[in-house]
Number of protein chains: 2
Amino acid sequence: MDECKANTALDILIGKWKPIILYHLGQSGTLRFSGLQRAIPEITKKMLTAQLRELEYHDIVHREIYMQIPPKVEYSITEYGQTLFPIIEMMHNWGQKHVDHLEEKYGDGSEEAVRENIN
Amino acid sequence: MDECKANTALDILIGKWKPIILYHLGQSGTLRFSGLQRAIPEITKKMLTAQLRELEYHDIVHREIYMQIPPKVEYSITEYGQTLFPIIEMMHNWGQKHVDHLEEKYGDGSEEAVRENIN
DNA sequence: CGGGATCCACAGTGATACTG
DNA sequence: CAGTATCACTGTGGATCCCG
């Protein structure tokens, strides 16, 4: 059961938006809440908040609050969170290859099938 | 949006039991349906079937059916599926470190908090 | 600006019983 | 032995409105 702690890592990455959030934070270093919203327009505030809170709980991102009006909150990746990046990158690369693999299997005829897996 | 194909890989790994199934198949090479059930006693037949079907669909595992009475079906990892292992292993290692990280943060005092994350 | 609160839809998971 | 079928539950994700 706990022979495989891959789930532990998986749990942290799971969540429709977490990889993307991490990706953007990784690119920009630090982003405000509104900045993340702009970077990921489809996400709702609720989800963004929720996912950030989870990441914060797991000590992957840091939340810096500036007590002022209007409020300002900045998110950044913790040093610890950095250690996740190699994994994300590997998954990204693998995902890329997987898309190619699918094209090879089903040919270019059925782009829908491929597109389904890109989503 | 498709800058981050980590989701593609994530999609394939997601599913409460997939990493564990892959882990056991990786260990044993080939396993029968009942063998997997024995290896993962908590899983229901329904879930095992469902997850195996998904993995099969993604070309990660191979399903070999022996037409006979009683039925016999063997599951094994495809060559392509092997390419996933480095990622799983990385996640496993990271998960292990994460558990240690939590202990460091919260100390041994609150084992519940740790246990929550092991689940 | 950066949320919180509430309500809702649906996919994933699970227990149980049945089948070729 | 290796599944299918059915039903129930639960958490995630989403829309909308409200707040300091």
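Naming: A, B, ... by sequence-line order, numbering from 1 per chain. The figures that follow rest on heavy atoms only: side chains count, while hydrogens, waters and symmetry mates do not.
For B:Met47, taking side-chain heavy atoms from C-beta onward, the closest of the listed nucleotides C:dG3, C:dT13, D:dA2 is C:dT13. The B:Thr49 side chain lies nearest to D:dG3 when the options are C:dG3, D:dG3, C:dG14. Minimum atom distance to the side chain of A:Phe33 is reached by C:dG3, of the listed C:dG3, D:dA2, C:dG14. Here the side chain of B:Arg32 is nearest to one of C:dG3, D:dG3, D:dA2, namely D:dA2. Nearest nucleotide to the side chain of B:Pro70, out of D:dG3, D:dC1, D:dG13: D:dC1.
Within the nucleic acid shown, B:Tyr75 comes within 4.0 Å of sugar-phosphate atoms alone, with no base atom in reach, counting heavy atoms only. A:Gln68 comes within contact range of no nucleotide atom at all, as no heavy-atom separation falls under 4.0 Å. Within 4.0 Å of A:Lys45, counting heavy atoms only, lies at least one base atom of the nucleic acid.
For the residue pair B:Tyr80 and B:His58, no side-chain donor N or O sits within less than 3.5 Å of a side-chain acceptor on the partner.
One atom, CD of A:Gln51, and another, P of D:dG13, lie 5 Å apart when rounded to the nearest Å. To the nearest angstrom, P of C:dG3 lies 12 Å from CD of A:Glu74.
Under the side-chain hydrogen bond (donor to acceptor under 3.5 Å, both in side chains) rule, B:Tyr66 has a single partner from B:Glu74, B:Arg32, B:Lys72, which is B:Glu74.
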